[in-house]
Amino acid sequence: MIEVDKKTFEDEVLKAEGLVMVDFWSPKCEPCKELMPFVAEVAEKYEGKAKFCKLDAAANKRLSISQKVMGLPTIGFYKNGEKIAELTKDISIEDVEAKLKELI
Amino acid sequence: MSEVYDIIVVGGGPAGLAAGIYGSRSRLKTVIIQKGRPGGQAATTEELENYPGFPRGTTGPGLMEAMANHAESFGTEIIKEEVVDLELDGEIKVARTKSGKEYKSKIIIFAPGAAPRTLNIKGEQELRGKGVSYCATCDADFFEELDVIVIGNGDAAVEEAMYLTKFAETVTIIVIHDEGILDCNKVSAEKAFANPKIKWVWNSVLEEIKGDGIVESVVLKNIKTGELSEMETNGVFFFVGTVPKTEMLKGKVDLNETGHIITNDRMETSIPGVYAAGDARVKYLRQVITAASDGAIAAFAAEKYLAEEGGFKEQVLNAPKPVMVAFWAPQIEASIAAVSELEKIVDQLGGSVKLVKMDTYRNEKVAKRYGVEEIPSVVFFNNGEVVAKVSGSISRDVIMNQLNSLINK
């Protein structure tokens, strides 16, 4: 997974071609850290079919709020610079995979 | 055949981790199955100052990491998987995980914990992760220099509100009670009243959360006057209690009307070999320390259960010859006399029959299973099956009659 921040978000996510999945997390968010290893597995499984990024929302607060993310964990799906889908709170990895399959 | 554990602990909060420590220290093969990182709800509580021996400055995540390391240092295995189904009947229990794996064990200690309660207020669901939150440590960062409200006034609500003041500009606590009345402990109440960033709205409940894609305001209702008022805010934090994560146990073990697991003071559930510990259990006080206590008791009771069951199986059920199990008790004279009579008989028969003596009160489960209501009682086993039972006055003739018919078969 590519680690993005406020400097690289535009190029890596908004200007990217095809589907981009962004895992918004923070070091203090235990549920995020619970979910992340499973997200990494999904990212590996679908490598090449979508781009997989993670963003530390605590360190990039303004950027996250501009993306209307004010709660963690959140997984956003982007295409052509727009957020086309989002999962937030109580996310199970099965939901993530199902959403990803639907969008690919 | 896959390996069989002595103890599977489902859930890695303080209850599960304490069970792991006690189980492993008793040299039982113990595994904790925990979705993601261990720690449970305690790991999302930044300030944790009431665990004895861990004074101010202790954090929930810090204490939970120490407990997890402690359990692992005694040999507890911690597996990151989510248990979705359990097979509890039978001698070997099975836990199935979301990934489709099966784990087998003689004992299951169920310590799933609880999750924050939702109130299903208008706007709550739609604005989750958009300013509506149930986890201060997860989301507090977003609210730096912003205004938030907190719903609830118990320990969690007031303590988390205090944590939020490190980030937010103002934290307004909405309290259903009259002015000055809080459900939380007095130390936290005093601290909160003295905190200039905390504001209070009394006699009120949350009616609605409004916002277009992100929380913008809330509608509050004064329960005395019925008056509605709108208040601008950027965030709404709910701390209104928890619900036990016992969905997968429904119909399998006895739960109460709120879904909490019913146990006795040994943490035994309604199914033999299945124990429960922590917040998911029916109990008076749900704290890290009582969760850890539950875990310790459950693992200890499980060890005794395994010893009792294992011993009985080896001594009685798997014995190659007929077995007389004598249920006696040291304080009952007649039972002592009966045992000595039985010993004489076994001697005379020269090893064709085995005698197993059981102190009835130390082996309550076995006694109950075989319907022993009177002391002394003798239960006759052959090839692992009960073939006869004699209770009360145990005469030589009665015993010999039973044995003759057994041995001559």
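All values reported here derive from a predicted model rather than from experimental measurement. Chain letters run A, B, ... following the sequence lines, proteins first, then strands; residues in each count from 1.
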Crowding at [atom1], [X] (>12 non-hydrogen neighbours, <6.0 Å):
X        : atom1 : result
A:Asp11  : CG    : yes
B:Tyr51  : OH    : yes
B:Glu232 : CD    : no
B:Glu72  : CD    : yes

Portion of B:Gln34 that has a non-hydrogen atom of chain A nearer than 4.5 angstrom: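 Only the side chain of B:Gln34 comes within 4.5 Å of chain A.
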Contact origin within B:Phe237 toward chain A - heavy atom pairs under 4.5 Å: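 Neither part.
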Residue pair B:Leu146, A:Met70: steps toward the side-chain contact (heavy atoms from CB on, under 4.5 Å) verdict: CA-CA 12 Å; B:Leu146 299 177; A:Met70 281 193 101; 3.8 Å; yes
Among the listed options A:Ser26, A:Pro27, A:Pro37, A:Ala58, the residue most often paired with chain B at heavy-atom distances under 4.5 Å: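 Greatest number of close heavy-atom pairs with chain B: A:Ala58.
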Leading residue by heavy atom contact count with chain B [cutoff under 4.5 Å; candidates A:Val69, A:Ile65, A:Thr74]: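 Between A:Val69, A:Ile65, A:Thr74, the count favours A:Val69.
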Check each atom of [X] against the heavy atoms of chain B and say whether the ones under 4.5 Å are side chain, backbone, both or neither.
X       : value
A:Phe24 : neither
A:Ala59 : neither
A:Lys89 : side chain

Minimum side-chain heavy-atom gap B:Lys98-A:Ser92 below 4.5 Å: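 A side-chain contact under 4.5 Å exists here.
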Closest contact, heavy atoms only, B:Pro61 versus A:Glu30: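 In terms of heavy atoms, the two residues are closest at CB-OE2, 4.0 Å.
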Reported NZ-to-CD distance for the pair A:Lys28 and B:Glu46, which is rounded to 0.5 angstrom: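 Those atoms lie 6.5 Å apart.
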Those residues of residues 127-143 of chain B, ordered by number, that approach chain A below 4.5 Å (heavy atom to heavy atom):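 Near chain A, by residue number: B:Arg128, B:Gly129, B:Lys130, B:Gly131, B:Val132, B:Ser133, B:Thr137, B:Cys138, B:Asp139, B:Asp141, B:Phe142, B:Phe143.
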